[in-house]
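Below is one structure, written out as structure tokens; the observations come after it.
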There are 2 protein chains.
Amino acid sequence: MDDVHTVIWNRPERAAKGPAPSRTRAEITDAAIAIADAEGIEALSMRRVAQELGTGTASLYRYLASKDDLLDLMLDAVAAEDGSPPALTGDWRTDLRGMAHRSRAAFHRHPWMTSLAAGRPSLGPNSLDAIEHALAALDPLGFDIDVMITIVNTVQAFVRGYAIGELAQQEAVRRSGVGVQQWMDAHAPYLDNVVKSGRHPLLARVIRDAELPHAADSAERGFELGLERLLDGWEANLPARP
Amino acid sequence: MDDVHTVIWNRPERAAKGPAPSRTRAEITDAAIAIADAEGIEALSMRRVAQELGTGTASLYRYLASKDDLLDLMLDAVAAEDGSPPALTGDWRTDLRGMAHRSRAAFHRHPWMTSLAAGRPSLGPNSLDAIEHALAALDPLGFDIDVMITIVNTVQAFVRGYAIGELAQQEAVRRSGVGVQQWMDAHAPYLDNVVKSGRHPLLARVIRDAELPHAADSAERGFELGLERLLDGWEANLPARP
DNA sequence: CGCTACTGCGTCCACTGTTCGCAGTAATGC
DNA sequence: GCATTACTGCGAACAGTGGACGCAGTAGCG
């Protein structure tokens with residue numbers, strides 16, 4: 001349609017002329033997030049959003065060029081949930097650790113983010129704010145901008161990848177529609193075969209270990225351990241100041 | 001239908017009685033991978049797979065309980081592409097680094113994996129082989145199994161998250177149906193605004209930096225740097241032997 | 001006041017994953 | 001040798017999807 005305003009982030013919300021729109025992008029986005037939270041990402045359809053808002057399905061396309069746009073808006077809305085990033089502490093490790101934990105918490109609040117993060121670069125204004133904030137934490141160290149962005153990138157990559165792995169089983173269970181116990185029961189014979197075959201002795205130990213009670217918070221501990229190791233690695237190898 | 005063979009990995013490929021099936025799961029999986037490689041994951045439909053194989057759509061459901069099963073098979077098939085994991089070198093860093101690079105290469109060969117990895121725990125036999133191999137690389141160090149699996153987990157998380165971030169833009173461009181240049185042109189006004197607004201001074205430097213020619217291999221360099229930092233972190237903090 | 005550019009939306013299209021039932025076939029039990 | 005059984009391939013149908021089109025109604029500018 002338009003030549004210059006092709007990207008959602010650069011498209012004005014309201015037209016200059018004509019009747020005022022009766023909804024806002026934010027209302028639509030919030031409704032979509034509520035549906036995805038409650039019923040899963042596969043239940044999120046344009047019809048379902050329209051129903052939630054009590055409007056016609058086609059009306060949504062006055063606000064969004066496509067469902068893809070809606071998904072972009074959802075991701076960026078989540079990036080703003082925590083409000084403005086906290087003030088910098090002066091210690092880059094503390095600041096980056098905080099960013100990592102906030103990001104992981106967002107994934108846990110909205111597990112559908114794992115599905116959307118793939119194939120969708122986070123270029124929304126709120127995501128950019130978060131990156132700027134992380135860069136600011138590294139700024140006092142006085143390094144090249146490409147070193148700084150690489151550090152931020154790798155931390156974000158770790159958080160994203162860890163959250164996806166963490167939530168993968170939970171999401172598979174939810175999508176299957178049965179309870180955790182039934183899902184486990186369905187998979188038990190296969191894992192039993194893996195253990196009994198003897199060709200995966202170390203994995204067998206992992207599987208047995210996973211049945212222990214202490215495993216409850218192992219995901220959280222693994223995240224913290226991995227994150228600290230990554231930060232350790234950067235701290236020990238920060239390049240010399242230019 | 002069945003009580004014990006509910007999980008694809010534990011379901012026999014061929015029935016005991018009746019006519020022999022005219023295809024195999026592997027044929028179907030390969031066809032699906034070829035389609036996803038060539039036309040993108042959103043072009044992968046059961047009808048499209050059936051057409052590729054010259055068979056009826058409903059016939060596929062003699063081999064698979066659902067499309068989800070097919071996606072699981074695709075992921076596990078990719079995990080077997082490199083053949084058996086190479087022999088251990090005796091240096092855990094070298095072995096884990098190799099695993100990470102092979103995994104990243106698989107993501108690049110099959111960008112649709114980024115979409116599938118979310119919400120889908122990798123429990124297929126080939127994925128399990130890879131994990132067993134990584135654990136074996138750490139075994140000589142003599143640590144608890146939960147420490148070992150945590151190290152493997154964090155490395156896999158980093159690779160997954162980095163690959164997803166790396167391929168996100170490429171996938172967005174592909175999905176949009178236009179060329180890289182047109183996609184860039186569509187986003188340029190927005191990024192210009194970000195730079196001009198002055199509220200993201202560090203990001204502005206990143207955006208300017210990204211236009212430099214050296215940025216061509218920056219994704220690869222970032223991956224290697226981050227991976228080495230993570231391995232550094234583990235090496236420096238390996239817990240005391242039990 | 002009229003013209004223009006918008007808004008809301010009913011209706012339609014092509015497509016999706018999956019199920020049902022039927023005809024054909026290979027191995028088994030007797 | 002022959003009925004029985006358990007499978008195979010698959011056309012057709014079903015409920016759902018994202019999105020396009022065009023029409024009626026309306027708000028603001030000249």
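Here is the naming used below: chain letters follow the sequence lines, and residue numbers restart at 1 for every chain. No hydrogens, no waters, no symmetry mates; every other heavy atom, side chains included, goes into these values.
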Of the candidates C/dT18, D/dG18, C/dT7, the side chain of B/Tyr61 sits closest to C/dT18

side-chain N/O B/Thr55 vs D/dG9 OP1/OP2, d < 4.0 Å: no

Tell me the interatomic distance from B/Arg48, atom CZ, to C/dA14, atom C1', rounded to whole angstroms. 16 Å

With a 3.5 Å distance limit and no angle check, can you tell me whether B/Asp129 reaches the backbone of B/Ser84 through a side-chain donor-acceptor pair? no

Could you tell me whether A/Arg109 and A/Asp82 make a salt bridge, using a distance below 4.0 angstrom between a side-chain N and a carboxylate O? yes

Are the charged groups of B/Asp30 and B/Arg23 less than 4.0 angstrom apart, N to O? no

Between the side chain of A/Thr154 and the main-chain N/O of A/Thr150, is any donor-acceptor distance below 3.5 Å? yes

Between C/dT19 (P) and B/Arg62 (CZ): distance, integer Å: 12 Å

Strand contacts (DNA chain D) in residues 111-118 of chain A, 4.0 angstrom heavy-atom criterion: none

Is there side-chain contact between A/Ile33 and A/Trp112, with at least one heavy-atom pair below 4.5 Å? yes

Any chance you could lay out the side-chain contact (heavy atoms from CB on, under 4.5 Å) test for A/Leu227 and A/Tyr162, step after step, and finish with the verdict? CA-CA 10 Å; A/Leu227 177 60; A/Tyr162 196 92; over 6 Å; no

Strand contacts (DNA chain C) in residues 26-40 of chain A, 4.0 angstrom heavy-atom criterion: none

Any side-chain N or O of A/Ser59 below 4.0 angstrom from OP1/OP2 of C/dC9? yes

C/dG17 base / B/Arg47 side chain donor-acceptor hit below 3.5 Å: yes

Mind jotting down which residue pairs meet the salt bridge (Lys or Arg N to Asp or Glu O under 4.0 Å) criterion with at least one end in residues 150-177 of chain B? Sequence neighbours excluded, please. A/Asp68-B/Arg175, B/Glu42-B/Arg174, B/Arg104-B/Glu166, B/Glu171-B/Arg174

Using a 3.5 Å distance criterion without hydrogens, assess whether the side chain of A/Glu132 forms a donor-acceptor pair with backbone atoms of B/Leu202. yes

Please work out if A/Leu44 contacts a base, only the sugar-phosphate, or nothing of the nucleic acid, heavy-atom cut-off 4.0 Å. sugar-phosphate

Mark yes or no for whether A/His133, through its side chain, and A/Pro86, through its backbone, hold a donor-acceptor pair below 3.5 Å. yes

Rounded to whole Å, the CD-P distance (A/Glu42 to D/dT17) equals 12 Å

In this structure, how many angstroms lie between the P atom of D/dT17 and the CD1 atom of A/Ile41, rounded? 13 Å

Can a donor-acceptor pair be found, under 3.5 Å and without considering hydrogens, that links the side chain of B/Glu13 to the backbone of B/Thr24? no

Starting the side chain at C-beta, find the nucleotide from D/dG9, D/dA20, D/dA12 nearest to A/Ala58. D/dA20

Ignoring backbone atoms, establish whether B/Ser22 has a side-chain N or O less than 4.0 Å from OP1 or OP2 of D/dG9. yes

Whole-Å distance between D/dT8 P and B/Tyr63 OH? 7 Å

From the list D/dG18, C/dT7, C/dG17, which nucleotide is the closest neighbour of the side chain of A/Lys67? D/dG18

Between CG of B/Asp68 and C1' of C/dT16 the distance, given in whole Å, is 14 Å

Side chain of B/Ser66 only, please: which of C/dT7, C/dT18, C/dT16 is the nearest? C/dT18

Whole-Å distance between D/dA20 C1' and A/Leu60 CG? 14 Å

From CG of A/Leu64 over to C1' of D/dG19, roughly how many Å is that when rounded to an integer? 12 Å

